[in-house]
Each structure stands twice: as structure tokens, then as C-alpha cells.
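Please read the structure below before turning to the comments.
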Amino acid sequence: MKGKKLSEFIDSLYTNPEMEIEYLNKKYLISGYRTEDNEYVLQVDTIEANSEQVFYCKSSKIEICIESFEKSQMFDGKTIYQAEQNITVLYG
């Protein structure tokens with residue numbers, strides 16, 4: 001991962017992040033926030049003309065969303081750990 005250590009990237013998911021990353025020329029916006037009912041939402045959307053949501057998790061426990069993110073294969077069938085060498089943090 002370029003622009004941030006992978007461990008720092010994962011740690012930042014616990015603190016209501018807003019990050020922009022690029023993976024193989026495709027840009028993604030990662031957002032984490034608390035809802036009015038104090039549930040944690042972590043979502044990832046592509047940033048392009050026809051953006052799409054590629055990941056969404058809502059839970060009362062942040063850990064559940066982070067674990068789900070870590071297991072998700074949103075990067076061309078790869079997890080964050082398998083794809084990290086081709087990821088650049090652009091913002092956040």
C-alpha cells in the first residue's frame with residue numbers, strides 16, 4: 001500500500017474515516033460514521049460517472065464492520081490484504 005501503512009489504514013477504519021483510495025486505476029471512497037441510533041456504518045463506493053456501492057456494513061459493533069471489510073473481496077475478487085500492494089491512499 002502506498003501513502004499509508006496497511007496497519008494504519010485498518011486502524012483508521014475504527015475512527016469514522018473518510019478516505020479515498022485507488023486500486024488498479026479505479027478510485028474508491030471509504031466512509032465510516034455513526035447513525036442517529038448509534039450504529040456504525042462502513043461503506044465503500046466507487047468514484048466514477050456511474051458510481052456504485054461495493055461494500056456496506058451496519059452494526060452496533062465497529063469490530064463486525066471492520067472484520068466484514070477485511071473479508072470482503074471487493075478488489076477484483078481479492079481482499080484488502082491480497083490487493084494492498086496495488087492500492088494507493090489518495091486522501092485520508
Side-chain angles (χ1 to χ4, degrees):
M1 180 173 284
K2 297 173 191 94
K4 188 177 266 194
K5 290 181 181 179
L6 181 58
S7 60
E8 292 173 352
F9 178 88
I10 296 298
D11 286 347
S12 68
L13 297 176
Y14 287 88
T15 58
N16 303 337
E18 183 168 296
M19 294 185 280
E20 193 174 307
I21 63 171
E22 185 174 45
Y23 171 72
L24 300 180
N25 298 316
K26 194 172 196 179
K27 292 182 180 179
Y28 299 85
L29 177 63
I30 301 169
S31 302
Y33 56 92
R34 288 270 178 197
T35 63
E36 288 181 13
D37 56 350
N38 205 34
E39 289 201 285
Y40 186 72
V41 172
L42 183 61
Q43 71 182 58
V44 181
D45 300 282
T46 59
I47 304 172
E48 48 193 42
N50 296 323
S51 66
E52 65 177 308
Q53 190 171 80
V54 294
F55 176 82
Y56 182 87
C57 181
K58 181 178 178 181
S59 176
S60 60
K61 296 185 179 186
I62 291 176
E63 296 82 7
I64 290 174
C65 291
I66 307 301
E67 288 172 14
S68 182
F69 174 84
E70 290 175 303
K71 293 176 184 174
S72 173
Q73 297 179 342
M74 73 183 91
F75 301 104
D76 296 332
K78 295 179 180 178
T79 67
I80 186 81
Y81 298 106
Q82 295 165 326
E84 67 100 8
Q85 68 217 29
N86 295 309
I87 293 175
T88 300
V89 177
L90 303 173
Y91 171 80

Within a 6.0 Å radius of atom NZ on Lys27, are there more than 12 heavy atoms belonging to other residues, nucleotides or ligands?
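Check fails, neighbour count at 12 or below.
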Give a yes or no on whether Tyr91 atom OH has more than 12 heavy-atom contacts from other residues, nucleotides or ligands under 6.0 Å away.
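No - once you tally the heavy atoms of other residues, nucleotides and ligands closer than 6.0 Å, there are 12 at most.
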Is there a path of hydrophobic side-chain contacts, each under 4.5 Å between heavy atoms of I, L, V, M, F, W or Y residues, that connects [X] with [Y]?
{"X": "Tyr14", "Y": "Tyr56", "answer": "no"}
{"X": "Tyr40", "Y": "Phe55", "answer": "yes"}
{"X": "Val54", "Y": "Ile30", "answer": "yes"}
{"X": "Leu29", "Y": "Val89", "answer": "no"}
{"X": "Met19", "Y": "Ile62", "answer": "yes"}

For the [atom1] atom of [X] and the [atom2] atom of [Y], what is their distance to the nearest 0.5 Å?
{"X": "Lys2", "Y": "Glu84", "atom1": "NZ", "atom2": "CD", "value": "9.5 Å"}
{"X": "Gln53", "Y": "Thr46", "atom1": "CD", "atom2": "OG1", "value": "10.0 Å"}
{"X": "Tyr23", "Y": "Thr88", "atom1": "OH", "atom2": "OG1", "value": "11.5 Å"}
{"X": "Thr79", "Y": "Lys71", "atom1": "OG1", "atom2": "NZ", "value": "11.5 Å"}
{"X": "Ile47", "Y": "Ile21", "atom1": "CD1", "atom2": "CD1", "value": "9.0 Å"}
{"X": "Ile87", "Y": "Lys26", "atom1": "CD1", "atom2": "NZ", "value": "13.0 Å"}

Which heavy atom in [X] sits nearest to a heavy atom in [Y], and how many Å separate them?
{"X": "Gly92", "Y": "Lys4", "answer": "O-NZ, 3.1 Å"}
{"X": "Pro17", "Y": "Ser12", "answer": "CB-O, 3.5 Å"}
{"X": "Ser60", "Y": "Glu39", "answer": "N-OE2, 3.5 Å"}

Contact between [X] and [Y] at the side-chain level, heavy atoms closer than 4.5 Å - yes or no?
{"X": "Ile80", "Y": "Phe9", "result": "yes"}
{"X": "Met74", "Y": "Phe69", "result": "yes"}
{"X": "Ile10", "Y": "Tyr81", "result": "yes"}
{"X": "Leu6", "Y": "Gln85", "result": "no"}

side-chain contact (heavy atoms from CB on, under 4.5 Å) assessment of Tyr33 paired with Gln43
CA-CA 9 Å; Tyr33 56 92; Gln43 71 182 58; 3.3 Å; yes
